[in-house]
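Everything below concerns the one structure shown next.
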2 protein chains.
Amino acid sequence: MSDLLERLRGRGWRLTSQRRVVAEVLDGEHVHLTADEVHARAVQRLPEISRATVYNTLGELVGLGEILEVATDGRAKRYDPNAHQAHQHLVCSGCGAIRDVHPQGDPLAALPAAERFGFVLSGAEITYRGLCPDCTTNAVP
Amino acid sequence: MSDLLERLRGRGWRLTSQRRVVAEVLDGEHVHLTADEVHARAVQRLPEISRATVYNTLGELVGLGEILEVATDGRAKRYDPNAHQAHQHLVCSGCGAIRDVHPQGDPLAALPAAERFGFVLSGAEITYRGLCPDCTTNAVP
DNA sequence: TGTTGACTTAGACAAAGTCCAAGTTAGGAT
DNA sequence: ATCCTAACTTGGACTTTGTCTAAGTCAACA
Ligand SMILES: [Mn+2]
Ligand SMILES: [Mn+2]
Ligand SMILES: [Zn+2]
Ligand SMILES: [Zn+2]
């Protein structure tokens with residue numbers, strides 16, 4: 001985390017308290033917060049931080065490749081600090097919980113040339129859907 | 001398409017001109033329109049159709065499994081009439097063009113048990129990213 | 001300790017989607 | 001063929017998510 005702040009300073013960023021707090025909020029594993037969730041948690045530590053600054057900072061971090069934008073549903077985008085290790089997402093259809101997962105093999109290999117329509121492929125995003133242990137236990141009959 | 005309208009009547013739907021027009025607009029292959037795009041095309045045929053009715057009808061069709069909701073970006077949801085054949089999506093990072101594609105094999109097979117966190121999997125959505133032939137040709141240097 | 005351009009802020013604005021009360025109508029009943 | 005009514009549609013208010021701007025603040029360098 002402090003290495004992130006170091007990298008940002010190396011890139012000419014001013015290290016403001018607002019940016020520090022956003023970076024702190026985004027620390028951890030399996031973290032996939034919406035912008036408003038980031039704002040809510042940032043306000044705990046820095047009451048006067050504005051929504052605009054949270055959006056600005058998230059957008060800048062995405063541009064620098066330090067965090068990822070994840071769109072697992074049609075709702076708000078989620079922000080993912082796990083940007084330096086390729087991974088996919090497993091989402092619970094019951095409660096919305098999101099886990100980072102690492103499928104085997106190259107996902108692009110499954111798409112035959114005849115199905116590529118002349119596109120030059122650059123990657124693939126996979127959202128696995130299912131029910132988490134909690135939601136499986138408390139499932140509707 | 002008229003078979004869709006038959007199925008809907010079989011399910012107790014009133015066949016209104018509005019619903020007929022929405023169904024017509026959603027006919028075809030590689031069709032992935034936003035709600036507002038559906039509305040814009042519906043208005044060509046039925047000028048007084050409202051946005052609310054388009055949203056209502058799309059939601060009902062999704063609930064019945066007759067169309068799919070696709071969220072390939074963080075923008076508006078897209079509606080896909082190709083609901084009766086499993087498929088994935090190939091999206092151009094340049095112009096946003098979307099094609100239906102059919103990868104080989106079972107996408108769930110790539111996720112080892114150790115990476116499933118006790119979830120009961122039900123499916124996977126894959127978005128392949130790349131540049132379409134047009135965008136490859138006119139690429140920035 | 002000053003200076004200054006980068007940064008932050010509040011609030012207006014926009015896009016996407018939901019909800020409601022009032023008006024209209026498809027389709028079964030007569 | 002006409003009537004009746006629950007189902008449907010409508011316009012507009014409202015919500016959520018995100019963008020933009022003008023004015024004020026401050027981190028970093030001198
Ligand atoms: Mn992740
Ligand atoms: Mn499709
Ligand atoms: Zn769950
Ligand atoms: Zn393209």
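These numbers were taken from a predicted model, which means no experiment stands behind them.
Atom CZ of Arg11(B) and atom P of dA7(D) are 17 Å apart (whole Å). The distance from atom CD of Glu48(A) to atom C1' of dG11(C) is 18 Å, rounded to the nearest whole Å. Computed from coordinates, the Asp73(B) CG to dT17(D) P distance equals 16 Å when rounded to whole Å. The CG atom of Leu61(B) sits 12 Å away from the P atom of dC8(D) (whole-angstrom rounding). The nearest whole Å value for the distance from the CD atom in Glu60(B) to the P atom in dA7(D) is 12 Å.
Using cut-offs of 30° and 60° on the angle between ring planes, the pair Phe117(A) and His30(B) is perpendicular. Using a 30° and 60° split on the angle between ring planes, His87(B) and His102(B) fall in the tilted class, from 30° to 60°.
Donor-acceptor pairing under 3.5 Å is lacking for the side chains of His32(A) and Asn82(A).
Listed here is the closest heavy atom pair of Arg116(B) and Leu108(B): NH2-O, 2.9 Å.
Under the 4.5 Å side-chain heavy-atom criterion for ILVMFWY residues, a single connected hydrophobic cluster contains both Val21(B) and Leu58(B).
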* Structure fact -> In B/S/- notation (B base, S sugar-phosphate only, - none; protein heavy atoms under 4.0 Å), nucleotides 17-30 of chain C written 5' to 3' is BBB-----BBS---
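Every residue two or more places apart in sequence or in another chain was checked for a ring-ring contact (aromatic ring centres under 6.0 Å, His included) with His39(B), and none qualifies.
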